Chemist: 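I have a structure I would like to understand better, so I am pasting it below and will then ask my questions one at a time.
In this text, all values refer to a predicted model and were calculated from it rather than measured experimentally. In what follows, chains carry the letters A, B, and so on, assigned in the order in which the sequence lines appear, proteins first and then strands, with residues in each chain numbered from 1. Heavy atoms only: backbone and side chains are in, while hydrogens, waters and symmetry mates are out.
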Amino acid sequence: MAAKVATRPPAETLSLWKREQARLKAFVVDRDTEAWQRDPAFSGLQRVGGVDVSFVKGDSVGACASLVVLSYPELEVVYEDCRMVSLTAPYVSGFLAFREVSFMVDAVRRLREKEPHLVPQAGALQLTGTFPWLFQVLFVDGNGVLHHRGFGVACHLGVLTDLPCIGVAKKLLQVDGLENSTLHKEKIRLLRAGGDSFPLMGGSGTVLGMALRSHDHSTKPLYVSVGHKMSLEAAVRLTHGCCRFRIPEPVRQADIRSRGYIHRTLGIGGTPAPGRERSRKAPRPRAGPEGVSEELAGKDRPPEAHSQGPRTHRRAPGPDAQGQG
DNA sequence: GCGACAG
DNA sequence: ATCTTGTCGC
């Protein structure tokens with residue numbers, strides 16, 4: 001049965017949420033805090049994470065939250081955690097975090113708890129200093145400081161977990177004077193190669209984020225903004241370095257896997273199809289967080305097979321990611 | 001009434 | 001955010 005979640009929150013609630021955003025915003029660090037972030041080749045970066053929440057169609061409560069960890073620079077999945085959750089807050093633009101962020105924090109906490117179990121081959125993972133985060137930066141589906149009040153979900157998650165976070169949105173949030181104008185579209189047209197970008201300046205003269213052409217064969221840009229503990233420049237450069245396709249691989253894998261989990265668990269649509277769960281050829285019912293298995297690791301083929309076409313060389317994620325001004 | 005609306 | 005179907009290119 002498709003349960004329903006509260007409709008639009010009363011103004012009083014939104015007021016509280018705004019206050020909470022303002023309170024937490026003071027903790028955002030919008031500069032590089034880690035050595036690898038300043039390294040031209042991101043030397044020392046070994047693990048990148050991605051989070052996403054997918055929804056059950058026709059059900060405003062049921063969803064799947066997922067966290068994946070990928071190796072860098074190979075971008076192969078080494079960890080996956082999918083979990084069914086019950087949403088309590090509706091989606092309100094500007095308040096996305098209040099709908100999704102708690103599940104993401106939970107997933108991070110689960111990983112941190114079972115992390116000692118997972119640290120694999122001692123040689124393969126040379127995390128110097130080693131309070132060994134299994135991942136060192138988290139990609140978030142949504143904006144960071146590019147937000148109505150400068151505190152999008154990527155900032156929110158960053159502050160709550162104290163982790164470096166990058167906000168990656170697929171559409172421009174038209175805020176602080178930013179608009180999807182003719183001029184904006186023209187700037188997009190001028191992005192020629194993967195890694196090209198231009199700054200998004202708010203009315204106050206501050207650069208809120210960057211529009212990034214994530215790879216050579218992508219026309220629609222990504223909108224990258226600082227979440228936490230990372231400079232915008234490093235965020236853009238790393239985002240480019242994590243794009244096999246338009247969407248950064250950590251977020252893309254989190255999305256694919258959370259949707260797949262829903263599909264396998266509930267069947268097509270929102271109908272709990274009891275027959276489907278087991279009748280499928282895969283006898284293995286679940287792939288839980290435990291999976292650091294090889295089957296989970298490299299076994300998926302990207303849907304967009306043509307994107308990796310004749311052009312063999314990707315741009316090295318080097319100092320070429322600046323683009324227009 | 002019109003336009004905007006991260007996910 | 002969500003689904004579907006077909007089509008194209010390699």
Side-chain angles (χ1 to χ4, degrees), chain A residues 2 4-5 7-9 14 17 21 50-66 84-104 139-158 165-181 184 200 202 208-212 216-217 220-227 235 239 245-248 251-252 254-263 265-271 273 301-312:
Chain A
K4 283 178 70 177
V5 73
T7 58
R8 184 176 180 93
L14 296 181
W17 286 356
Q21 289 177 330
V51 285
D52 190 44
V53 176
S54 295
F55 305 89
V56 177
K57 188 205 168 182
D59 184 340
S60 55
V61 168
C64 174
S66 72
M84 294 304 299
V85 298
S86 294
L87 303 170
T88 57
Y91 169 68
V92 183
S93 179
F95 301 94
L96 175 62
F98 294 91
R99 178 169 167 84
E100 301 188 350
V101 85
S102 65
F103 308 113
M104 297 173 175
F139 284 86
V140 183
D141 202 346
N143 290 294
V145 301
L146 173 43
H147 179 264
H148 304 72
R149 290 161 295 278
F151 194 73
V153 64
C155 299
H156 207 129
L157 183 59
C165 285
I166 300 174
V168 180
K170 296 179 283 297
K171 292 184 285 200
L172 176 65
L173 184 55
Q174 306 192 146
V175 72
D176 194 21
L178 294 176
E179 54 174 347
N180 195 4
S181 59
H184 180 81
L200 304 162
L208 300 175
M210 301 273 258
L212 169 72
D216 290 348
H217 300 297
K220 263 187 91 163
L222 296 177
Y223 297 95
V224 180
S225 59
V226 169
T239 300
F245 306 97
R246 179 179 172 244
I247 306 299
V251 166
R252 183 170 164 268
D255 177 64
I256 289 172
R257 284 154 196 264
S258 59
R259 281 224 297 276
Y261 189 85
I262 289 177
H263 211 262
T265 305
L266 302 178
I268 302 187
T271 312
R301 176 192 53 93
E304 309 94 320
H306 51 277
S307 305
Q308 200 83 298
R311 305 219 172 262
T312 322

Chemist: Answer with base, sugar-phosphate or nothing: what part of the nucleic acid does A:Gly167 contact at a heavy-atom distance below 4.0 Å?
Modeler: nothing
Chemist: Once pairs are restricted to Watson-Crick or G-U wobble with both distances under 3.5 Å, how does DNA chain B read as a dot-bracket string, [ ] for crossings and | for other-strand pairs?
Modeler: .......
Chemist: So, using side chain to side chain donor-acceptor pair (under 3.5 Å) as the criterion, who are the partners of A:Arg259 when residues are at least two apart?
Modeler: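 So A:Arg259 forms a side chain to side chain donor-acceptor pair (under 3.5 Å) with A:Asp255.
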Chemist: Output the rounded distance in Å from CG (A:Leu266) to P (C:dC3).
Modeler: 11 Å
Chemist: Let's test your reading of the pairing rules: Watson-Crick or G-U wobble, both distances under 3.5 Å, then write DNA chain C as a dot-bracket string with ( ), [ ], | and dots.
Modeler: ..........
Chemist: Testing the basics here: between A:Arg246 and A:Pro221, what is the closest heavy-atom pair and its distance to 0.1 Å?
Modeler: NH2-O, 3.0 Å
Chemist: For A:Lys170, what residues pass the side chain to side chain donor-acceptor pair (under 3.5 Å) criterion, not counting sequence neighbours?
Modeler: A:Asp141
Chemist: When all nucleic acid strands are considered with a 4.0 Å heavy-atom cut-off, which category describes A:Phe98: base, sugar-phosphate, or nothing?
Modeler: nothing
Chemist: With a 4.5 Å limit on heavy-atom distance, are the side chains of A:Leu178 and A:Leu173 in contact?
Modeler: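 Not touching, per the 4.5 Å side-chain cut-off.
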Chemist: Using distance only, find each side-chain donor-acceptor pair of residues 87-95 of chain A under 3.5 Å and give its atom names and separation, not counting sequence neighbours.
Modeler:
none

Chemist: Contact between A:Lys57 and A:Ile262 at the side-chain level, heavy atoms closer than 4.5 Å - yes or no?
Modeler: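 Side-chain contact under 4.5 Å: no.
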Chemist: Provide the start and end nucleotides, 5' to 3', of the part of DNA chain B that has atoms under 4.0 Å from heavy atoms of chain A.
Modeler: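 So the outermost contacting nucleotides come out as B:dA4 to B:dG7.
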Chemist: Suppose we screen for side chain to side chain donor-acceptor pair (under 3.5 Å). Which residues come up paired with A:Asp52, at least two apart in sequence or across chains?
Modeler: none
Chemist: Which part of the nucleic acid does A:Phe55 contact within heavy-atom distance under 4.0 Å: base, sugar-phosphate only, or nothing?
Modeler: sugar-phosphate
Chemist: Given C:dA1, is OP1 or OP2 found less than 4.0 Å from the side-chain N or O atoms of A:Lys170?
Modeler: yes
Chemist: Among A:Val224, A:Val51, A:Thr239, whose side chain to side chain contact (heavy atoms under 4.5 Å, CB included) with A:Phe139 holds?
Modeler: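 The single option meeting the side chain to side chain contact (heavy atoms under 4.5 Å, CB included) with A:Phe139 is A:Thr239.
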Chemist: How many whole angstroms separate atom CG of A:Leu96 from atom P of C:dA1?
Modeler: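 Result: 11 Å.
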Chemist: Heavy-atom contacts under 4.0 Å between residues 140-152 of chain A and DNA chain B, which residues?
Modeler: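 Going residue by residue through residues 140-152 of chain A, the ones with a heavy atom under 4.0 Å of DNA chain B turn out to be A:Asp141, A:Gly142, A:Asn143, A:His147, A:Gly152.
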Chemist: Run the side chain to side chain contact (heavy atoms under 4.5 Å, CB included) test against A:Ala65 and tell me which residues pass, sequence neighbours left out.
Modeler: A:Val53, A:Val85, A:Phe103
Chemist: So which pairs with a foot in residues 142-152 of chain A pass side chain to side chain donor-acceptor pair (under 3.5 Å), sequence neighbours left out?
Modeler: A:Gln21-A:Arg149
Chemist: Could you check if a side-chain atom of A:Pro248 sits within less than 4.5 angstrom of a side-chain atom of A:Leu222, using non-hydrogen atoms only?
Modeler: yes
Chemist: Looking at residues at least two apart in the chain, or sitting in another chain, which of them share a side chain to side chain contact (heavy atoms under 4.5 Å, CB included) with A:Ser181?
Modeler: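 Scan of A:Ser181 (side chain to side chain contact (heavy atoms under 4.5 Å, CB included), adjacent residues dropped) gives A:Glu179, A:Leu183, A:His184.
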Chemist: My understanding is that only residues two or more places apart in sequence, or in another chain, count here; which of them pass side chain to side chain donor-acceptor pair (under 3.5 Å) with A:Ser258?
Modeler: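 By the side chain to side chain donor-acceptor pair (under 3.5 Å) rule, A:Ser258 matches A:Ser54.
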Chemist: Could you check how far CD1 of A:Ile256 sits from C1' of C:dA1, rounded to whole Å?
Modeler: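 It is 16 Å, rounded to the nearest whole Å.
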Chemist: Check every strand shown and say whether A:Val153 touches a base, only sugar-phosphate, or nothing at a heavy-atom separation below 4.0 Å.
Modeler: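 If one applies the 4.0 Å heavy-atom cut-off, A:Val153 turns out to touch a base.
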